[in-house]
Amino acid sequence: MRPPVTDFITREAQFGAQNYAPLGVVLSRGEGVWVWDTDGNRYLDCLSAYSAVNQGHCHPKILAAMVEQAGRLTLTSRAFHNDQLAPFYEELAALTGSHKVLPMNSGAEAVESAIKSVRKWGYEVKGVPDGEAEIIVCADNFHGRTLAIVGFSTDPATRAHFGPFAPGFRIIPFGDAKALQDAITPNTVAFLVEPIQGEAGVVIPPAGYFTHVRELCTRNDVMLILDEIQTGLGRTGKLLAEQHEGIEADVTLLGKALSGGFYPVSAVLSNNEVLGTLKPGQHGSTFGGNPLACAVARAALRVLVGEGMIENAATEGARFLDGLQSIRANTVREVRGRGLMLAVELHPEAGPARRYCEALRESGILAKDTHDHTIRIAPPLVITHDQVDWALERIDAALKRDFS
Ligand SMILES: *Cc1c(COP(=O)(O)O)cnc(C)c1O
C-alpha cells in the first residue's frame, strides 16, 4: 500500500531543513509537460523546476544518453582527460559562439567562477590594483545562494544573518543604463546582470537597455556577464536572451536546462581573455566536466535544438502571453513575458499569489508564486497549442476565483 501524501510531507518536515515551503503535492513521475503525484493525479508543470526541465520531464533521448554513459564511465576527475569533455566543449562553444568553456555543476558555482575569473582578468589584463576590483550588480537580482552571491542580494530574507559578506560589489537599479554609467570606476571589472529578472517576478528591462549596457561596458573595458541560467537555452524563444537585442556578452552563464533537469550541469562561457587567465591549480571542481554530465548536457542541447524547442517557445509563448493578456479579471495588475517565461502580477488587494497557485493546483496546474503577488508561468518548451489553451482556461478560472 502506498503511504498517504501527508506522511511524505510530515516526514520531510521532521527530518529535513525547512528552507522551502512547497505546495502540498508529492510528485512521483514526470513525462513531457506533465507530472503525476503519488495518488495518480496529473498536473501540467508550469514551473519546469525553475526552467531546468525546458526539454520536458524525462526526455527519452537525454535519458538514453544518461543511462548509456552511466554504464560506461561516470567520473574521472579532471586529473585525467575523458572522452566526453572535448565534444561537450566543442558543441557548446559552436552553438553559443563562445571561445572557451568552464564546466561546473550548479548555477551558483558558475556565478562564483565568473566572479573569480573576471577579478583575475581585472588584475592581470586590465591592470586594476590588487584587491580593488569592483563588480556592479542589480537590485532585486537572483544569482544563487552561496555566500558571495547572497552578500550582494537586496532581498532581506536571502541575506539576513548570513554575514559577514565579501566586499567588492556595487548595486544599481535594474533597467537603468544611466545608473550603470555613473557606477563605473577605473576599478570596475564587470557588470553582472540577468537579461530578464526571473526570481524578481519576470522583470523585463526597457527596450534598448542592453544595447546601451553593451556600449558602456565596451567603452569602459568592463566585462558584461549575462546570467542566462534561467533565461538561456530557449526559455525566452531564443537560444540566449541576449539575442533579443542582438548583443553579445563577454561572459555567459548557463545552468539549469543545460542538462534538461537530469543532473546538475553549469558552465561559464567566455572569450579567450577572461577564462584564459585561469591556469592549472587556480580553480576546479571534482564533478565539473565529468563524463556523465557532459554526455547528458550534449544530449540536452541536441534535443533542444534538433526538436525545434526554441522556435516552439517563441510561438507558444506568444500564444500564451496573448491569452493571459486577454483574461479580464480584476485581480490582475499586469501580465509580462517573453517566450515561455511568463508572469501574472496580481493587485495587492487580490491577496497572496499563493492561494491562486493552490487553486491552480486543484485544477491540474502547478505554478509557483514569487514575491507574494506574482504567479510565474514557465512550462516546458515542448508544450503544444492545445495544452496552452487547456492551461489558459484553468488560469482564467483561477484568477476569477472568489476567496471571500
Ligand atoms: C537558478 C538560478 C541561479 C542559481 O542556480 P543553482 O543551480 O540553483 O545554483 C543563478 N542565476 C539565475 C538567474 C537562476 O535562475
Side-chain angles (χ1 to χ4, degrees), residues 33 43-48 50-51 54 140 142 174-175 194-210 230-232 234-238 241-245 308-403:
V33 296
Y43 306 91
L44 180 73
D45 182 359
C46 279
L47 182 64
S48 307
Y50 301 92
S51 295
N54 284 359
D140 301 321
F142 183 83
F174 180 65
E194 300 154 85
I196 294 172
Q197 289 188 322
E199 298 312 293
V202 186
V203 180
I204 303 173
Y209 173 63
F210 277 105
Q230 191 164 142
T231 54
R235 174 52 59 189
T236 70
K238 301 266 189 201
E242 67 173 18
Q243 295 171 303
H244 288 289
E245 274 199 33
M309 293 180 193
I310 304 171
E311 296 77 7
N312 194 61
T315 5
E316 295 312 321
R319 184 181 183 84
F320 214 141
L321 181 64
D322 207 47
L324 289 174
Q325 279 169 338
S326 47
I327 293 174
R328 294 280 157 262
N330 43 26
T331 44
V332 178
R333 181 179 193 172
E334 192 183 36
V335 170
R336 294 183 290 272
R338 186 160 289 164
L340 282 167
M341 190 168 183
L342 303 153
V344 177
E345 186 180 331
L346 306 173
H347 282 292
E349 312 85 73
R354 171 88 180 200
R355 64 188 188 185
Y356 295 89
C357 291
E358 298 282 5
L360 283 171
R361 177 174 71 105
E362 285 164 28
S363 68
I365 291 180
L366 293 183
K368 181 72 174 75
D369 49 305
T370 175
H371 289 266
D372 298 347
H373 300 297
T374 303
I375 306 167
R376 181 202 335 230
I377 297 167
L381 311 186
V382 296
I383 195 167
T384 64
H385 242 59
D386 290 349
Q387 289 162 347
V388 169
D389 295 346
W390 185 91
L392 282 167
E393 255 175 59
R394 280 154 184 81
I395 294 169
D396 186 296
L399 291 172
K400 290 173 180 159
R401 179 92 164 247
D402 183 4
F403 291 94

Quick check for you: to the nearest 0.5 Å, what is the distance between [X] atom [atom1] and [Y] atom [atom2]?
| X | Y | atom1 | atom2 | value |
| --- | --- | --- | --- | --- |
| Ser363 | Arg401 | OG | CZ | 8.5 Å |
| Thr331 | His373 | OG1 | NE2 | 12.5 Å |
| Asn312 | Asn54 | CG | CG | 11.5 Å |
| Glu362 | Tyr43 | CD | OH | 9.5 Å |
| Glu393 | Ile327 | CD | CD1 | 10.5 Å |
| Leu342 | Arg376 | CG | CZ | 11.5 Å |

Distance-minimising heavy-atom pair for Asn330 and His347
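Distance-wise, the nearest heavy atoms are O-CD2, 3.2 Å.
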Quick check: closest heavy atoms across Gly234 and Ile310, and the distance to 0.1 Å?
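Smallest interatomic distance, heavy atoms only, reads CA-CG1, 3.9 Å.
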A side-chain contact here means heavy atoms from C-beta on lying under 4.5 Å apart; do [X] and [Y] qualify?
| X | Y | answer |
| --- | --- | --- |
| Val382 | Met309 | yes |
| Asp389 | Arg319 | yes |
| Val335 | Leu321 | yes |
| Thr374 | Arg336 | yes |
| Ile375 | Leu399 | yes |
| Arg333 | Pro348 | yes |
| Leu346 | Tyr356 | yes |
| Asp140 | Val203 | no |

Take Arg235 and Ile196 through the side-chain contact (heavy atoms from CB on, under 4.5 Å) test and state the conclusion after the steps.
CA-CA 11 Å; Arg235 174 52 59 189; Ile196 294 172; over 6 Å; no
Apply the side chain to side chain contact (heavy atoms under 4.5 Å, CB included) test between Thr236 and each candidate in Gln230, Met341, Glu242; give the one that qualifies.
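So, applying the side chain to side chain contact (heavy atoms under 4.5 Å, CB included) to Thr236 and each of Gln230, Met341, Glu242, only Met341 qualifies.
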What I want to find out is whether Arg355 reaches Glu358 closely enough, with some N-O distance under 4.0 Å, to be called a salt bridge.
no
Counting distance only, does the side-chain N/O of [X] pair as donor-acceptor with the main-chain N or O of [Y] below 3.5 Å?
| X | Y | answer |
| --- | --- | --- |
| Glu316 | Ile383 | no |
| Asp45 | Ser48 | yes |
| Thr370 | Glu199 | yes |
| Glu245 | Ala207 | no |

Could you walk me through whether Ile395 and Phe320 satisfy the side-chain contact (heavy atoms from CB on, under 4.5 Å) test, starting with their C-alpha distance in whole Å, then the side-chain angles of each, then the deciding distance to 0.1 Å, before giving a yes or no?
CA-CA 11 Å; Ile395 294 169; Phe320 214 141; 3.8 Å; yes
